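The structure appears right after this line, and notes come after that.
Bear in mind that the values here come from a model prediction, so they are computed numbers and not experimental data. Note: hydrogens, waters and symmetry copies are ignored here, and every other heavy atom, side chains too, is used.
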Amino acid sequence: MKKNYSIEELRALDQKHFLHPTSPVKTENGPAFIFTEGKGIYLYDITGKKVIDGMSSLWNVNIGHGRKELGEVAKEQMDKLAYSSCFATFSNEPAILLAEKLAELAPGDLSTTFFTSGGSESNDSAYKLARHYWILKGEASRKKIISRSRSYHGVAMGATSATGLKAFRDFTNSNAPDFLYADNFSTQALRNLIEAEGPETIAAFITEPVQGAGGVHVAPENYFKEIREICDEYGILMITDEVITGFGRTGKFFAMEHYNVVPDMMCFAKGVTSGYAQLGGVMITERMHKDFSELSEGIILHGYTYSGHPMACAVGLKNIEIIEKENLVANSAARGKELLEGLEALQSKYPFITNTRGLGLMAGLEITSEGTLLAPQIVLEAAKVGLICRAVVLDGQDVVVFSPPLSISQAELRDLLNLLDQAIQQVENKLSATPL
């Protein structure tokens, strides 16, 4: 029989036994929330507190919490075939059908998918596949990967090494070699770096369409068009990291559709299942797949135990069906515009808010204040009044970021903005009360 633990017991067990990801190791009071239920845009913790999930948890619960359809399809698939390996050319129907659906949805001729369990694996796989591609093409010297400053690509070894936020790389004392970084908004900086290193040494350039964990940075209008031209000029593969931006987050199914640019490879995860199952992948173009098929004589010695996991792929298919059926991409575009307008109204109200930016339901509010970081204080006050958002303070920034479920309604968005206003007002009151 399952034991009923008290809140205090659970907090104590958490502190003793659970090493949390991307969290302080030392916590006086245990976990800030112990969540027990989710419905739509809301999460409920063990004390009964209800909060708006203004981050879709980790940018990923696109269709919202508590969708029983996904649980039902997961059970149905698990009852039938929970797991089978996809090594040695073995396959399963959900993986095949999801790969077909992704080919239908993806930009341009991205048509073939290598499945992973999440974003970090997807990015690591992209680097390895890109390097292997050049080996097959007889250009083994092409091994360097260029990313952008303020980029985030995950925490596996390759993904950490590609991340342009130095603090993540400094977490370990031995990063992977052959990763380089260009200024996140300067195409000329990329060109200069390629020329300095030698184009014949560069395998790929990887970029997020909108930089997420780095502070929600939206690129200038022609940036990606110029990047595509530079990659083509020097024969470099272009990889887009759509782990956060994919599956409707920015108001298009994939964010690169805003820029009419097709990459050679595209990483995805998060929104493909809305977090209901662990799944990710890398898509490659028809041309790349043809080259792999014609030039490779052996085995691709890269694969994960859960690549093409039947249950996860079945959940992914159902999740995409819901996104399409409920027009959540269009809702993301419409609500995203209203979110940005609401943040701009707050900017006009509070003098320390100096910039707002975003694309679809992915937005940031930038703060300029002398002597203290305000974003973490705003996030703390927001949690008290019932709103989860996130602070980005790396690389000298002070930004509050938002990424609510794509299913959010107009009324719910107004509630989110009202709670945010309350939180910011509390911080301003504390600033006013602080003696000079």
Side-chain angles (χ1 to χ4, degrees), residues 33 35-45 48-72 210 212 216 244-255 258 270-276 315 318-347 349 356-365 378-379 381-390 400-425:
F33 291 97
F35 292 117
T36 58
E37 188 177 5
K39 292 182 179 179
I41 69 163
Y42 301 102
L43 288 168
Y44 301 80
D45 84 344
K49 183 178 177 67
K50 174 184 176 182
V51 296
I52 292 177
D53 185 0
M55 280 305 301
S56 298
S57 289
L58 278 176
W59 320 82
N60 62 335
V61 188
N62 287 14
I63 65 170
H65 297 278
R67 299 299 299 255
K68 293 184 178 179
E69 307 99 304
L70 296 194
E72 290 165 356
V210 178
V216 184
I244 287 176
T245 56
F247 303 93
R249 172 57 55 194
T250 67
K252 298 282 188 182
F253 222 100
F254 293 100
H258 289 283
K270 294 189 183 290
V272 67
T273 64
S274 290
Y276 283 72
V315 170
K318 189 65 177 180
N319 175 70
I320 291 170
E321 178 186 313
I322 291 170
I323 290 172
E324 291 185 315
K325 182 178 179 181
E326 299 183 5
N327 297 314
L328 295 186
V329 180
N331 193 65
S332 175
R335 301 291 82 76
K337 182 180 178 183
E338 293 165 3
L339 173 59
L340 199 57
E341 289 170 351
L343 295 180
E344 288 168 350
L346 293 175
Q347 180 181 348
K349 181 177 179 180
T356 56
R357 54 182 178 262
L359 190 62
L361 282 172
M362 187 177 180
L365 183 154
I378 292 170
V379 169
E381 292 298 328
K384 291 178 183 178
V385 298
L387 169 65
I388 292 176
C389 46
R390 181 171 172 176
V400 184
V401 299
F402 308 89
S403 177
L406 310 189
S407 55
I408 193 168
S409 68
Q410 278 187 307
E412 290 168 338
L413 183 59
R414 284 195 295 269
D415 290 343
L416 183 156
L417 290 166
N418 287 335
L419 292 173
L420 177 61
D421 191 4
Q422 292 177 39
I424 298 172
Q425 185 66 63

So how far is it from [X] [atom1] to [Y] [atom2], rounded to the nearest 0.5 Å?
| X | Y | atom1 | atom2 | result |
| --- | --- | --- | --- | --- |
| R357 | L365 | CZ | CG | 9.0 Å |
| Q347 | I424 | CD | CD1 | 10.5 Å |
| K50 | I41 | NZ | CD1 | 8.0 Å |
| I323 | K325 | CD1 | NZ | 14.0 Å |
| N62 | L361 | CG | CG | 9.0 Å |
| L387 | D421 | CG | CG | 11.5 Å |

### Message
Tell me whether the count of non-hydrogen atoms from other residues, nucleotides or ligands lying under 6.0 Å of NZ in K39 goes above 12.
### Response
no
Heavy-atom side-chain proximity of [X] to [Y] below 4.5 angstrom:
| X | Y | answer |
| --- | --- | --- |
| P404 | R335 | no |
| L359 | T245 | no |
| F247 | I63 | no |
| F33 | L43 | no |
| L417 | L339 | yes |
| R390 | S403 | no |
| V401 | W59 | yes |
| S407 | N331 | no |

### Message
Closer than 4.0 angstrom, basic N to acidic O: yes or no for R67 and E326?
### Response
yes
Looking at [X] and [Y], what are the two nearest heavy atoms and their distance?
| X | Y | result |
| --- | --- | --- |
| S56 | P405 | OG-N, 2.8 Å |
| K49 | K384 | NZ-O, 3.0 Å |
| M362 | V216 | O-CG1, 3.8 Å |

### Task
In sequence, state the C-alpha distance, the side-chain angles, and the governing distance for V379 and V400, and then conclude on side-chain contact (heavy atoms from CB on, under 4.5 Å).
CA-CA 7 Å; V379 169; V400 184; 4.2 Å; yes
Between [X] and [Y] (side chain of the first, backbone of the second, donor and acceptor by atom type, cut-off under 3.5 Å), is there such a pair?
| X | Y | answer |
| --- | --- | --- |
| Y276 | V61 | no |
| H65 | D53 | no |
| S332 | G248 | yes |
| K318 | G71 | no |

### Task
Evaluate the ring planes of Y44 and Y42, with Trp represented by its six-membered ring, and classify them as parallel (under 30°), tilted (30 to 60°) or perpendicular (over 60°).
tilted
